[in-house]
Every structure is written in C-alpha cells, then in structure tokens.
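Here's the structure we're looking at; comments come further down.
Source: prediction; values computed, not measured.
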Amino acid sequence: PGRFVDHVEWAKWGGLSSLRIYPTEAARHLATQPGTDGSARAAWAEVLALAPEADSPGMREQFVCHWNFAERAEPGKTSWNLEPWRPEVRPEQMVAAGCNPGDAEEPF
C-alpha cells in the first residue's frame with residue numbers, strides 16, 4: 001500500500017462503474033486537517049498509479065471533495081467511491097451534492 005491509498009478496486013452498481021478508494025489511516029487523519037492540498041495531490045497520484053483509467057473528467061474533483069469532506073461527514077467510511085459517469089460540476093455544486101453530483105451515492 002501507498003502512503004495515502006491502501007488499495008483501489010472497480011465495482012459495478014446498477015451497471016455503472018465505481019472506483020472504490022481505500023484510504024490509509026494517514027490519509028484519513030490528513031483529510032480532516034486544513035492546508036493538506038499537497039497531500040491530496042500526492043494521494044491522487046497514488047490513485048492514478050493503481051488505476052490509470054481513473055484519469056477521466058470529474059474523477060479528480062470527486063476525489064478532492066472526498067479528501068476535504070468525506071472523513072468529516074462520515075468518519076471511517078470503508079471507501080471513498082468515485083464514478084466516471086458523474087457530471088463535471090463547479091466545486092460548490094460538488095459539495096452540495098455530497099461529492100456525488102448527478103445521482104445518489106451507491107449503497108455499498
């Protein structure tokens with residue numbers, strides 16, 4: 001495992017793809033701290049090293065939203081899930097949608 005990402009795995013939900021990112025404890029801790037943009041960039045690089053196909057429109061933005069808010073909103077959530085089919089939206093829309101623009105969060 002990397003410093004911030006333990007592992008990733010692709011899953012299907014209703015026929016749609018979802019990338020499950022399993023953050024390390026270090027990532028979970030840093031994600032609750034202000035001023036960790038550099039660590040978020042390093043974590044995203046780890047995601048891309050494990051799942052290069054995640055480098056698609058909107059996926060990085062979903063990841064950054066999860067980095068900044070998921071651990072505060074739902075501490076210890078098993079995985080941070082990103083979907084390539086979600087629309088690209090402005091940051092404030094991403095936050096308002098709970099990092100899941102375009103449809104509800106998958107139930108796993």
Hydrophobic cluster membership, L48 vs L19, 4.5 Å side-chain cutoff: yes

Holding to salt bridge (Lys or Arg N to Asp or Glu O under 4.0 Å), I want the full list of residues that pass it with R72, two or more places apart in sequence or in another chain. none

Go through the steps to decide whether K12 and S17 satisfy the test side-chain hydrogen bond (donor to acceptor under 3.5 Å, both in side chains), and finish with yes or no. CA-CA 5 Å; K12 290 283 186 178; S17 294; 3.3 Å; yes

Could you tell me which non-hydrogen atom of R20 sits nearest to which non-hydrogen atom of A11, and how far apart they are? NE-CB, 3.7 Å

Check the hydrophobic clustering (I, L, V, M, F, W, Y; side-chain heavy atoms under 4.5 Å; chains of links allowed) and say if L50 and L82 are grouped together. yes

Report yes if some heavy atom in the side chain of W67 is under 4.5 Å from a heavy atom in the side chain of S39; otherwise report no. yes

From CE (M59) to CD1 (I21), nearest 0.5 Å: 6.5 Å

Is W10 reachable from W80 through a run of I, L, V, M, F, W or Y residues, each pair having side-chain heavy atoms under 4.5 Å apart? yes

W44 CH2 to R41 CZ distance, which is reported to the nearest 0.5 Å: 14.0 Å

Members sharing F69's hydrophobic cluster (side chains within less than 4.5 Å): V95

What heavy-atom pair brings A40 and F63 nearest, and what distance separates the two atoms? O-CE2, 3.6 Å

Rounded to the nearest 0.5 angstrom, the CZ-CD distance for R28 and Q33 is 14.5 Å

Identify the two heavy atoms, one from G76 and one from E71, that lie closest to each other, and give their separation to 0.1 Å. N-OE2, 2.6 Å

Between M94 and P101 the two heavy atoms that sit nearest each other are SD-CD, 3.5 Å

Is the backbone N or O of E88 less than 3.5 Å from a side-chain atom of E61, with the two atoms forming a donor-acceptor pair by type? no

Starting at CZ of R60, measure out to CG of D55 and round the result to the nearest 0.5 Å. 10.0 Å

So which heavy atom on S18 is nearest to which on N81, and how close? OG-CB, 3.7 Å

Could you give the distance from CZ (R3) to CD (E46), rounded to the nearest 0.5 Å? 8.5 Å

Gap between atom CD of E74 and atom NE2 of H66 - 0.5 Å precision: 9.0 Å

Taking every heavy atom of L16 against every heavy atom of W85, the minimum-distance pair comes out as CB-NE1, 3.3 Å

Taking the side chain as every heavy atom from C-beta outward, state whether N100 and R86 have any pair of such atoms under 4.5 Å apart. yes

